**Q** 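Before I ask anything, here is the structure I am working with.
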Amino acid sequence: MIRRTLAAAGTGLLVAAAGVAVAELLATAVRPQAAPLVAVGGAVVDGAPTPVKEGAVRTFGTYDKPLLLGGITLALALLAALTGIAARRRPVLGLLGPAVLGVAGVGAALTRPDASPADALPALAGAAVAAALLRWLPLPGRPAAPNTPDAAADPVGVGREASGGGAAGSAGVGGPGEGGPDGDGHGAGGSGSSGSTGGPTRRTVVRNATLVAAGTVFAGAGAAVLRRLTVADAARSREAVRLPAPASPARPLPAGVAPGFRTPTEEFYRVDTALTVPRIDVDSWRLRLHGLVARPVEVSFADLLDRGLIERDITLSCVSNEVGGPYVGTARWLGAPLAPLLRAAGIRAGADQLVARSDEGMTIGTPIETLLDGRDAMLAVGMNGAPLPFAHGFPVRMLTPGLYGYAGACKWVTELEVTTFDAFDAYWVRRGWAREAPVRTASRIDRPAPFARIPAGPVTVAGVAWAQHRGIAAVEVSVDGGPWRAAELLPTASTDTWVQWRYAWPAPAGPHSLRVRATDGTGATQPEQRRTPFPDGATGHHTITLTVR
Ligand SMILES: Nc1nc2c(c(=O)[nH]1)N[C@H]1C(S)=C(S)[C@@H](COP(=O)(O)O)O[C@H]1N2
Ligand SMILES: [Mo]
């Protein structure tokens with residue numbers, strides 16, 4: 001009894017794996033965003049209430065995405081096992097899992113911001129394959145349905161199914177419509193060729209399971225290979241990009257800047273809602289500037305490079321960063337200045353918001369006034385001397401010094417719409433975050449590490465402070481809640497970059513706490529009240545405790 005239940009659950013899992021593999025293969029061939037797991041994940045990300053999302057980022061950091069996909073896979077496995085068990089009792093119940101899956105997958109794929117009707121096909125095909133297999137595979141312990149194929153007919157059906165998927169994969173051009181009906185058809189075609197009396201033999205069951213497993217592995221491997229080819233292709237086209245020298249180079253960093261001033265690209269934080277990193281083809285990339293403008297324009301990547309690039313050191317930070325958190329970095333960015341482009345388009349009276357849209361459907365709204373006030377807002381194409389990495393927005397992203405990323409730094413940008421704040425709420429604004437979000441002044445202790453155990457004697461306490469576009473005027477340190485003492489500020493590139501600071505501390509033995517606060521260029525000092533990032537950035541002083549021996 002238990003063995004049969006387990007076998008039925010296993011069958012459910014196997015069949016679901018086959019369905020997912022087929023869906024993944026189809027999606028990879030045509031549209032990676034339409035892969036059901038990723039689409040459902042994306043829908044969960046977009047649909048999750050802000051506090052949940054916040055909590056996930058805070059608790060899991062950059063592991064939030066793998067964990068989300070893992071969770072969805074687990075839920076899927078549970079559903080699949082239950083479906084397998086239910087189908088053993090009542091074959092019609094075998095439709096339950098595939099139906100739920102199909103509806104969720106199709107629904108998610110079609111409600112993605114950049115969806116097209118064809119995006120429904122991978123999930124549909126996957127569900128159809130799973131349903132067909134579960135219906136026509138002889139299941140352990142279930143008396144064969146009247147139309148259950150016998151041992152001879154069935155493997156043919158299954159075998160063709162697998163090779164059908166493989167062919168679509170290796171060609172890479174099979175229309176998204178082919179796999180679904182195809183897989184379904186073979187399964188159905190194999191059935192009815194003969195009736196059988198008892199349950200299937202053990203041999204039949206094992207052979208069928210092996211065939212389905214082989215087909216699944218084949219389809220899965222096909223999807224993986226295809227995926228790697230696409231990724232390699234994209235990498236080659238990125239490597240072929242040659243960025244021109246800036247018309248306006250960054251000033252050399254002043255003497256006395258300490259190591260770590262610029263964040264190495266590989267270490268630069270990444271925050272976005274994209275479950276798969278978009279890999280846009282630079283040759284077909286276009287940016288459309290439209291809306292409340294006199295002269296809408298569309299520019300290519302080459303057009304953009306022709307616009308006289310500026311190169312600037314700019315610190316970018318995330319509104320979700322906790323006090324003392326890691327979501328901040330400084331890079332040398334290269335890009336086309338945005339203000340001249342906007343002015344040339346002729347902004348109509350009354351427009352106050354620029355909405356940037358990305359390839360995968362993010363929207364980021366920025367005050368037009370801010371973009372035109374003389375700061376170095378840009379359409380960035382380069383980061384630390386190379387084309388943008390895919391994860392940071394290749395081929396083009398927006399950057400607005402002084403604003404949090406969600407309010408001025410759209411990655412993978414393909415559209416700029418001039419509009420009003422009354423007319424449109426961008427992605428995060430719809431989820432309760434502030435419409436306008438200048439960065440809050442922040443400071444962080446990087447050395448010593450929290451909870452460090454260090455020998456008594458002179459210690460250099462060090463860290464960074466940032467208040468982009470206002471600049472940092474002072475940093476102070478307080479030991480054990482004592483008086484605030486001025487820290488030394490190292491030279492920095494501009495008011496748009498963070499400032500490194502250090503403080504010489506003669507550390508006496510015992511447990512201690514260190515606290516830091518900064519004052520920005522307007523003379524405002526960081527408030528002491530602790531507030532979480534929602535809705536417009538965290539406040540409070542970074543504090544660490546440590547032990548001096
Ligand atoms: N297309 C797109 N752009 C985006 C986001 C996103 O989710 N999608 N996240 C924004 C947020 S919240 C931040 S903090 C920055 C982070 O940029 P980075 O990943 O290059 O550090 O990108 C911004 N641009
Ligand atoms: Mo962010």
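Indexing begins at 1, ligand by ligand and atom by atom, following the structure's order. Predicted model only: the values in this text are computed from it and were never measured.
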**Q** Measure the acute angle between the ring planes of Phe301 and Phe394, then classify it against the limits of 30° and 60° as parallel, tilted or perpendicular.
**A**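 Phe301 vs Phe394 ring planes: tilted.
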**Q** For the pair Tyr404 and Tyr406, name the ring-plane relationship: parallel under 30°, tilted 30 to 60°, perpendicular over 60°.
**A**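 Rings of Tyr404 and Tyr406: parallel, under 30°.
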**Q** Can you name the nearest heavy-atom pair linking Val516 to Ser443, along with the distance?
**A**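 For Val516 versus Ser443, the nearest heavy atoms are CG1-OG, 3.5 Å.
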**Q** How far apart are the closest heavy atoms of Thr419 and Leu292, and which atoms are they?
**A**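 Residues Thr419 and Leu292, closest heavy atoms: CA-CD1, 3.9 Å.
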**Q** Angle between ring planes, His392 versus Phe268, binned at 30° and 60°: parallel, tilted or perpendicular?
**A**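 His392 and Phe268: perpendicular rings.
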**Q** Which parts of the protein, at residue level, reach under 4.0 Å of ligand 1 through a heavy atom?
**A** Phe268, Tyr269, Arg270, Val271, Asp272, Thr273, Leu316, Cys318, Ser358, Glu360, Met362, Ile364, His392, Arg397, Gly405, Tyr406, Ala409, Cys410, Lys411, Trp412
**Q** Listed by chain and number, what are the ring-ring contact (aromatic ring centres under 6.0 Å, His included) partners of Phe421, not counting sequence neighbours?
**A**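 Partners of Phe421 by the ring-ring contact (aromatic ring centres under 6.0 Å, His included) criterion come out as none, since no residue qualifies.
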